Amino acid sequence: MRDYDHKKLDPPSLKLRTGKKKMTEYNHLKIESKWQKEWEKKEVFQAENNSKKPKFYGLIEFPYPSGAGLHVGHIRSNTAMDIISRKRRMEGFNVLYPIGWDAFGLPTENYAIKTGIHPIKVTKDNTDIFRKQLKALGFSFDWSREINTTDPKYYKWTQWIFLQFFKKGLAYKAKTTINWCPQDKIGLANEEVVGGSCERCGTPVIKKEKEQWMLAITKYADRLDKDLDTVDYLPKIKIQQRNWIGRSEGAEIDFRINSTLALPTSPGLPEGEGKFVSPFGGEFKKGVGEGEMPRYFTTNPELWKALQGKALEMRKNPTNGEKIMWDLLRRNNLSPTLPEGEGENPRGFHFRRQHIVDRFIADFVCIEKKLVVEIDGDIHDYLKSEDQERTEVLNQLGFEVVRFTNSEIIKKPEDVLRKIILKINDISKKVLSFGEDLGGVELAIKVFTTRPDTIFGATYLVLAPEHELVQKLKSQILNWDEVLRYIVVNEKKTEIERTAEDKIKTGIELKGVKAINPVTKEEIPIWIADYVLPHYGTGAIMAVPAHDERDFEFAKKYGLPIKNVIEPVFVEGPKEGMPYSGEGIIANSGKFSGMDSEKAKKEIIKFVGGKAKTTFKLRDWVFSRQRYWGEPIPLVNCAKCGWVPVPEKDLPVVLPKVAKYKPTNTGESPLADIKNWVNVKCPKCKGPAKRETDTMPNWAGSSWYFLRYTDPKNNKEFASGKNLKYWLTTPLPNPLQRRGKEFKASPFGGGMEGVEGQGGVDWYNGGMEHTTLHLLYSRFWHKFLYDLRMVPTSEPYLKRTSHGMILAPQGEKMSKSKGNTVNPDDLIRIYGADTLRMYEMFIGPFDQAVSWNTDSMIGPRRFLERVWKIGERIATRKPKNSSRFTRQNPTGSDATQNSLVSASLSKLLNKTIKKVSEDVEEMRFNTAISSMMILANEMESAFAQGYGVTKKDYKKFLQILSPFAPHIAEELWNMLGEKNSISISGWPKWDKNLIKDEEIKIAVQVNGKVRAEIMIRTDNSEEEIKKKAVTNKTVLRHMAGRDAKKVIYVKNRLVNIVV
RNA sequence: GCCCAGGUGGCGGAAUUGGUAGACGCGAUAGACUCAAAAUCUAUUGAUGGCAACAUCAUGAGAGUUCGAUUCUCUCCCUGGGCACCA
């Protein structure tokens, strides 16, 4: 139910009792539809391309036509820009105030899934409703330029722009861990994940590997940040953009890993399977020997070839001991148990028998641990010296050798096994596995830090669990079991789990490896922890627990050393048990001690051979959606040619009809099921190929729509250069501060001529909820198009403002589910569009959130009725009096009175014109309206006293009112005999001289407390005024005979007497 | 936790950026008109005391600067929005 009273459902009607004459009522229903039709017929609000008038391009965010219909929030934003646009039009501008539909999106698709109604139909129905509602509010949109992102004629160009990204290498496909919503079955951009949950449905997001199209917005991160200096956005919008881009200046510094434990490369042994030339020619692939290709080549191909036959033979005829031993080892029961499906025995101590190492056939070998197990049978006794030699050679190659006798194995197999286990555990500290040879390579961990000045306090390193070095160090890590477990657990965590654990940091030390602090040369431990993010910086940090809260917390938890290296200056030190993260003076840092920390940053980077580096939080934009209701990505995948763009002449790639809109369970788009659409000829080689079935996110169409408005029907280009130039760059008479012209060459070459770089949509208003994403994305697209010299400006919008949200009466969000929404149709019917517009502007400060209260709408309604009443009286006045205010029966004395009333009303009118003119520019609509209310009240009381208002003055009042309440203003304007629309009639000017007051009232204070008010003439001297103040009776009483120590006069404000 | 707004009558909100706090509107109370109601008009409407003139107290709380603070500074509390381990 709605929150307004049913007793108010009848429109307040005006019954004027002005003597004998019955006046007409203010019938908003009649007036509003009449003028809406009239404006449309006469095309009053159609913008001309390339007019001689100065241009003004005012923009609002085009709405998503939801099934819920127009929201009062839309009206607030649209009315504000409408007021500004109407004012500009009256000021003589050629105004473009366009409208369209951002119609791709999930709600429509979900509705289609539920009902089976095609999204095209749903969209058409919804836009029809929205259009009707918007028209009923009398917005001065240029409806001839209406656009719709789901129209193939429109999205042809969205696809075309995407292809430009693709051609320049800024659109690429990457397998990334994406945020996956298991409910919507859709990949989400990072921005769409709110608190670890899907922005739309609130389901916890999980991680999933998926090939996705990406747009390289990070390539523009720097410019997106810096160029904010050149535009006029509300400060808080700039702050939000900057926070999102997250620029931070720092350095990359290498920390060497202590490599004394790494072994040199095994001599003469080929590495890697690929290099191996099969000894059996083409026949040797798989299925040789034990039936598997050797994973590690421990000898060269020639020797292998020579010995392989013998090895096979020996395997077939094992001795007793060998047989028992093989049974012990082959079951892999030396391997620690692993959870099911955790890869193929990654930590397994897999043994091979009769394996060829160099020129020997070793009995049993664990290659990963480089352990050889030999069985010395009685038969071999005489070969003792030869065994000795074997051992030596094997040792040289980095193998440990253990020997058992046949009888040992037969009698006590458990003992043998235990000895082998002990040996494995023992040697695991020292050796590296084959094929992951680290010997001779100097390994270093690159960290990113913004505080290189604190490097002396770096007491440990932390890597992200996903860091590639962790895998590389695998063989050196003594506690690999634990480490792996930690990594696996971390991978499985959902976003929500990771963020829910906010305060509790976890991590694990990589035992067996150490890093060297490059300045202190101390060995410091290396940890992995989930508080270090893989995607930011280098995915590795130097931890300085004394000067970073996170590192501090972590160090406390795990008992890591904390070393203070910054002393604060001019500020209180940190609280007990808290790290100090500010700047200060360097301490405990060798030759840098005593240096200012800011200065030390540069010096230390140099000293350690680091590199100054700027990093951004911004990540590339996941541009794929596995959904139906979006623009198809116009690419074809050919086995031969790879990804091939659909030729321009074949654009648009139209969304095919589909029976089911639901995404497939595999996560593919429903388009994947339409075989005859998916299968196409490769545009390049004409071979068989498949279409990309992903669609674009709903940010795509809105990233360039404001360009299309300049030339909405163009089917050769997304918009003509001529129109773009006119609407985006023609300077305003009073432009914003602009920087020097840019004539930089395009990084891509070619493009529009004479591109200047400065300009954009003159004024763009929208919601705070779009200040990060939509704004950033469209700036990115625009900059890209600018680099192609396809648009004339480097920024899309010169000025951006934001409106506050409209909340339900109790201050909660309006939502259909809560049932606290307001239906604009009812309000228009009951109160009229003009009243609704007035109310929404009067409700509170435009940029702040406000609570809806339908009861208060009666105020603006009464105001309009008052305006109507005054207008009627003027219109029905006798013609001879119509040009001047008058009194019905003027007498000599009244004439004086008349002119006094006239003068004061005229003065108030001029003040009001000034106030409204200025307030509109500052979007202070609420105070503009209040000043017009004051004026109307004064006019009415002038009438009540029997005096009049001149027609001329009243018409000026109608002019300043008309942007707010266009219908009633137009009607009264017409009633007063004007033939042309008020909306092109001109904006009244105020007379500077008229608004000056000759006589004003000022306050007199005694010791800062107001005690009296005195009238002064503004041309009085300060002395005269002070004298008047100190001789005032009330003032004297409060001074109580004391002398004035000091008398302060603030011009036209007050006098303060200090006693 | 960090960043950005904001906290003023019964309610939405003004206040020229340090200068008469509460404009304008809603609501409320009384009166006029009316058989009556609605609508409209008139008056009152921050709180407390007082017949009154008037006085005192009041802009989230507490301090400070100042002749003077809703406005500036500091500390704290609360509300809304944004970000969420970004090194």
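Residue numbers start from 1 in every chain, and the chains themselves are labelled A, B, ... in the order their sequence lines are given, proteins ahead of strands. Computed from a prediction, not measured in an experiment: that's the story for all the values here. Computation of the quantities below employed the complete heavy-atom set of this structure, encompassing side-chain atoms and omitting hydrogens, waters and symmetry-equivalent molecules.
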Quick one: A:N926 CG to B:G25 P, roughly how many Å, whole number?
13 Å

Tell me: CZ of A:F925 to P of B:A23, nearest whole Å?
24 Å

Tell me whether A:K1028 at atom NZ has more than 12 heavy atoms from other residues, nucleotides or ligands lying less than 6.0 Å away.
yes

Polar atoms only, N or O, under 3.5 Å: list the protein pairs with nucleotides 46-54 of chain B and their distances.
none

Would you please confirm or rule out a distance under 4.0 Å between OP1 or OP2 of B:G27 and any side-chain N or O of A:R862?
yes

Separation of atom CD1 in A:I995 from atom C1' in B:U16, rounded to whole Å:
12 Å

Ignoring hydrogens and geometry beyond distance, is a side-chain donor-acceptor pair present between A:Y486 and A:T506 at under 3.5 Å?
yes

Counting the atoms with a prime plus P, OP1 and OP2 as sugar-phosphate, which does A:D847 contact under 4.0 Å by heavy atoms, base, sugar-phosphate, or nothing?
nothing

Checking only heavy atoms, does the side chain of A:K505 share a donor-acceptor pair with the base of B:C85 at less than 3.5 Å?
yes

So what's the dot-bracket for RNA chain B: Watson-Crick or G-U pairs under 3.5 Å, [ ] if a pair crosses, | if it pairs off-strand?
(((((((..(((......[....)))((((((.......))))))((((....))))..(((((..]....))))))))))))....

For a quick check of understanding: with a heavy-atom distance under 4.0 Å over all strands, which category does A:S931 fall into, base, sugar-phosphate or nothing?
nothing

Can A:D551 and A:Y460 be counted as having a side-chain donor-acceptor contact under 3.5 angstrom?
no

So, under a plain 3.5 Å distance rule, would you say the side chain of A:Q1005 forms a donor-acceptor pair with the base of B:G19?
yes

Do A:Q240 and A:T772 meet the criterion of a side-chain donor-acceptor pair at a distance under 3.5 Å?
no

For the residue pair A:T79 and A:E840, confirm or rule out a side-chain donor-acceptor distance under 3.5 Å.
no

Rounded to whole Å, the CG-P distance (A:L1054 to B:U16) equals 14 Å

Any base atoms under 4.0 Å from A:P845, or only sugar-phosphate, or nothing? Heavy atoms, all strands.
sugar-phosphate

